[in-house]
S.K.: 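Sharing a structure below in structure tokens format, with a few things to ask.
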Amino acid sequence: MPGAVFVDLETVLAAPPGPAGRHPLPEPARLAEALGSLGVAEESTVVCYDDADGSVAARAWWLLRWLGLPAEQVRVLDGGYAAWVAQGLPLSTELVVPEPAVLTPRPGSMPVLDADGAAETARAGLLLDARAPARYRGETEPVDPRAGHVPGARNAPFSAHLGGDGRWRGPEELAEYYRGLGIGGAGPVGAYCGSGVTATSVVLALEYAGLGAAALYTGSWSNWSADPARPVALGAEPGGDVEPGGGAEPGGGVEPVTGGQPDPS
């Protein structure tokens, strides 16, 4: 889009992979410096988009909010690049060189969970797993050490946020969908995915639907499954068939899927 600047998921919107997961949160000062070099200032209004399902745009939205920008200054473009092109709106091949700005990091505006917090949220409230149903059920695991889900988590595939035209479903429709999953009951709400990318679209969907804030398990399944002490649940039910932690080595018994690229979650 004319005037847009590129921001990379792997090098800007995440720290290098490690024990914290495949897409750990970037260090706040480094993130603020990178975004400032792209022209983002404290008074900026920022619109995020991607060329796929909106999940990477949601990750950028979440990080900007986490870094301290107010809700009214950060947006996600409905339908992303595909919707822009479909409407015949202008395109550009010009490389934009933005005027650098100063962005002071004030992290903490968006709630986060670690593995213990995710386990407690699943017990005491509602923990939503944004991955595809087959990964949730443990039938396949293309990238992470073990297959399955956090015991007690409910499956809420992030793909359900979009209609057939690739645009976001309306707030009333999203609210009905999430109420069907248990939103509105007592206790905390959290979300996770494979590595903390697509789950940010769950956080966005809940806010867009007027259902309040959800905490993000930033390490997500890439962090949980790498710890052999953590139990995993298999099957379509939140409790599933729970395999206790403590005996399995990471990667044991899980055959990676080949022939395709893993999703960014």
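Computed over heavy atoms, backbone and side chain alike; hydrogens, waters and symmetry mates excluded.
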S.K.: Output all residues satisfying side-chain hydrogen bond (donor to acceptor under 3.5 Å, both in side chains) with Thr11, sequence neighbours left out; order by chain, then residue number.
M.R.: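 Scan of Thr11 (side-chain hydrogen bond (donor to acceptor under 3.5 Å, both in side chains), adjacent residues dropped) gives Asp8.
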
S.K.: Following the transitive rule for hydrophobic clusters with a side-chain heavy-atom cut-off under 4.5 Å over Ile, Leu, Val, Met, Phe, Trp and Tyr, establish whether Val56 and Val5 coincide in one cluster.
M.R.: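 Val56 clusters together with Val5.
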
S.K.: If hydrophobic clusters are built by linking Ile, Leu, Val, Met, Phe, Trp and Tyr wherever their side-chain heavy atoms come under 4.5 Å apart, do Val203 and Tyr178 end up in the same one?
M.R.: no

S.K.: Should we count CD of Glu94 as having more than 12 external heavy atoms under 6.0 Å?
M.R.: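 Check fails, neighbour count at 12 or below.
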
S.K.: Taking all heavy atoms of Pro24 and all of Pro16, pick out the closest pair and write down the distance.
M.R.: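 Looking at all heavy atoms of both residues, the closest pair is CG-O, 3.4 Å.
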
S.K.: Decide yes or no for Arg230 and Val150: does some side-chain heavy atom of the first lie under 4.5 Å from some side-chain heavy atom of the second?
M.R.: no

S.K.: Please report the interatomic distance CG(Leu181) to CG(Leu126), rounded to the nearest 0.5 Å.
M.R.: 7.0 Å

S.K.: Does anything in residues 60-70 pair up under side chain to side chain donor-acceptor pair (under 3.5 Å), and if so which pairs, sequence neighbours excluded?
M.R.: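 Those involving residues 60-70 are Arg65-Glu207.
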
S.K.: Please, which pairs that meet ring-ring contact (aromatic ring centres under 6.0 Å, His included) have at least one residue in residues 111-137, sequence neighbours excluded?
M.R.: Tyr136-His149

S.K.: Considering only distance and modelled atom types, tabulate donor-acceptor pairs under 3.5 Å from the side chains of residues 151-159, sequence neighbours left out.
M.R.:
{"from": "Asn155", "atom 1": "ND2", "to": "Asp129", "atom 2": "O", "distance (Å)": "3.0"}
{"from": "Asn155", "atom 1": "ND2", "to": "Arg131", "atom 2": "O", "distance (Å)": "3.0"}

S.K.: Applying side-chain hydrogen bond (donor to acceptor under 3.5 Å, both in side chains), can you list everything that pairs with Glu10, at least two apart in sequence or on another chain?
M.R.: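 If we apply the side-chain hydrogen bond (donor to acceptor under 3.5 Å, both in side chains) test to Glu10, skipping adjacent residues, the hits are His23.
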
S.K.: Do Leu25 and Leu63 have side chains that get closer than 4.5 Å, going by heavy atoms?
M.R.: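 SC-SC contact between Leu25 and Leu63 confirmed.
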
S.K.: Listed by chain and number, what are the side-chain hydrogen bond (donor to acceptor under 3.5 Å, both in side chains) partners of Tyr208, not counting sequence neighbours?
M.R.: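 side-chain hydrogen bond (donor to acceptor under 3.5 Å, both in side chains) list for Tyr208, sorted by chain: empty.
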
S.K.: So do Cys48 and Leu64 actually touch side chain to side chain, heavy atoms under 4.5 Å?
M.R.: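 Sidechains of Cys48 and Leu64: in contact.
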
S.K.: Could you list the residues that satisfy salt bridge (charged side-chain N to carboxylate O under 4.0 Å, His left out) with Glu27, not counting sequence neighbours?
M.R.: none

S.K.: Please walk me through it: do Arg59 and Asp50 pass salt bridge (charged side-chain N to carboxylate O under 4.0 Å, His left out)?
M.R.: CA-CA 10 Å; Arg59 170 78 171 203; Asp50 59 36; over 6 Å; no

S.K.: Do you know which two heavy atoms are closest between Ser92 and Pro2, and how far apart they sit?
M.R.: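 Heavy atoms only, the tightest pair is CB-CA, 3.9 Å.
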
S.K.: Between atom CG of Asp144 and atom OG of Ser225, what is the distance when rounded to the nearest 0.5 Å?
M.R.: 4.0 Å

S.K.: So how far is it from Tyr177 OH to Leu211 CG, rounded to the nearest 0.5 Å?
M.R.: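 Separation between the atoms: 12.5 Å.
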
S.K.: Has the side chain of Arg75 got a donor or acceptor atom that lies under 3.5 Å from a matching backbone atom of Glu72?
M.R.: yes

S.K.: Do the non-hydrogen side-chain atoms of Leu67 and Leu31 ever get within less than 4.5 Å of each other?
M.R.: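 With C-beta onward as the side chain, the pair touches.
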
S.K.: Please evaluate residues Leu174 and His161 with respect to the criterion side chain to side chain contact (heavy atoms under 4.5 Å, CB included), reporting the C-alpha separation (whole Å), side-chain torsions for both, the decisive distance (0.1 Å), and the verdict.
M.R.: CA-CA 7 Å; Leu174 286 170; His161 301 152; 4.1 Å; yes

S.K.: Partners of Arg123 by side-chain hydrogen bond (donor to acceptor under 3.5 Å, both in side chains), sequence neighbours excluded?
M.R.: Glu120

S.K.: Got a sec, which residues hit side chain to side chain contact (heavy atoms under 4.5 Å, CB included) with Ala82, two or more places apart in sequence or on another chain?
M.R.: none

S.K.: Any chance you could pull the hydrophobic cluster mates of Val85, using side-chain heavy atoms under 4.5 angstrom and chaining through other members?
M.R.: Met1, Val47, Tyr49, Leu77, Tyr81, Trp84, Leu89, Leu91

S.K.: Show the nearest heavy-atom pair for residues Ala214 and Pro111, with the distance to one decimal.
M.R.: O-CG, 3.8 Å

S.K.: Side chain to side chain contact (heavy atoms under 4.5 Å, CB included) for Val7 and Leu38? Distances and angles first, verdict last.
M.R.: CA-CA 8 Å; Val7 58; Leu38 298 176; 4.0 Å; yes

S.K.: Say whether Val189 and Met110 are linked into one hydrophobic cluster, either directly or through other cluster members, by side-chain heavy-atom distances under 4.5 angstrom.
M.R.: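 Not linked; separate clusters.
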
S.K.: For the pair Ser222 (side chain) and Arg22 (backbone), establish whether a donor and an acceptor sit closer than 3.5 Å, ignoring hydrogens and angles.
M.R.: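 The answer is yes, because a donor-acceptor pair under 3.5 Å joins these two groups.
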
S.K.: Please work out whether the ring planes of Tyr217 and Trp224 are parallel, tilted or perpendicular, with thresholds of 30° and 60°.
M.R.: perpendicular

S.K.: When you group the ILVMFWY residues by side-chain heavy-atom contacts below 4.5 Å and let the links chain together, are Leu127 and Leu216 in the same group?
M.R.: no

S.K.: Can you see which heavy atom on Pro105 is nearest to which on Ala29, and at what distance?
M.R.: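 Taking every non-hydrogen atom into account, CG-CA, 4.1 Å.
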
S.K.: Any side-chain heavy atom of Tyr192 within less than 4.5 Å of one from Asn223?
M.R.: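 No. Closest side-chain heavy atoms not under 4.5 Å.
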
S.K.: Counting neighbours of CD on Glu176 that are heavy atoms of other residues, nucleotides or ligands and sit closer than 6.0 Å, is the number greater than 12?
M.R.: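 No, CD of Glu176 has 12 or fewer neighbouring heavy atoms, counting only those of other groups under 6.0 Å.
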
S.K.: Give a yes or no on whether the backbone of Pro231 and the side-chain of Glu243 come within a donor-acceptor separation of less than 3.5 Å.
M.R.: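 Flag not set: sc Glu243 to bb Pro231 has no pair under 3.5 Å.
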
S.K.: Once you round to the nearest 0.5 Å, how far does CZ of Arg135 lie from CH2 of Trp221?
M.R.: 10.0 Å

S.K.: Indicate yes or no: at least one non-hydrogen side-chain atom of Leu103 is less than 4.5 angstrom from one of Leu69.
M.R.: yes

S.K.: Looking only at heavy atoms, which two atoms of Ala130 and Ala199 are closest? And how far apart?
M.R.: CB-CA, 4.0 Å

S.K.: If you take all heavy atoms of Pro98 and Val96, which pair is closest and at what distance?
M.R.: CD-O, 3.4 Å

S.K.: So do Leu113 and Thr218 actually touch side chain to side chain, heavy atoms under 4.5 Å?
M.R.: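 Sidechains of Leu113 and Thr218: no contact.
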
S.K.: Listed by chain and number, what are the salt bridge (charged side-chain N to carboxylate O under 4.0 Å, His left out) partners of Arg106, not counting sequence neighbours?
M.R.: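 In terms of salt bridge (charged side-chain N to carboxylate O under 4.0 Å, His left out), with neighbours along the sequence ignored, Arg106 is linked to Glu42.
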
S.K.: Answer yes when Arg146 and Glu141 have at least one side-chain N-carboxylate O distance shorter than 4.0 Å, and no when they do not.
M.R.: no

S.K.: State which residue, out of Leu9, Val202, Thr198, Thr200, fulfils the side-chain contact (heavy atoms from CB on, under 4.5 Å) condition with Ser55.
M.R.: Thr198

S.K.: State plainly whether one hydrophobic cluster holds both Val74 and Leu204, where clusters connect Ile, Leu, Val, Met, Phe, Trp and Tyr through side-chain heavy atoms under 4.5 angstrom apart.
M.R.: yes

S.K.: For salt bridge (charged side-chain N to carboxylate O under 4.0 Å, His left out), just list the numbers for Asp78 and Arg169, CA-CA rounded to whole Å, side-chain angles, deciding distance to a tenth of an Å, and then say yes or no.
M.R.: CA-CA 10 Å; Asp78 189 14; Arg169 295 160 64 182; over 6 Å; no

S.K.: Who else is in the cluster with Leu234 when I, L, V, M, F, W and Y are joined by side-chain contacts under 4.5 Å?
M.R.: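 Once heavy-atom contacts under 4.5 Å are chained together, Leu234 still belongs with nothing else.
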
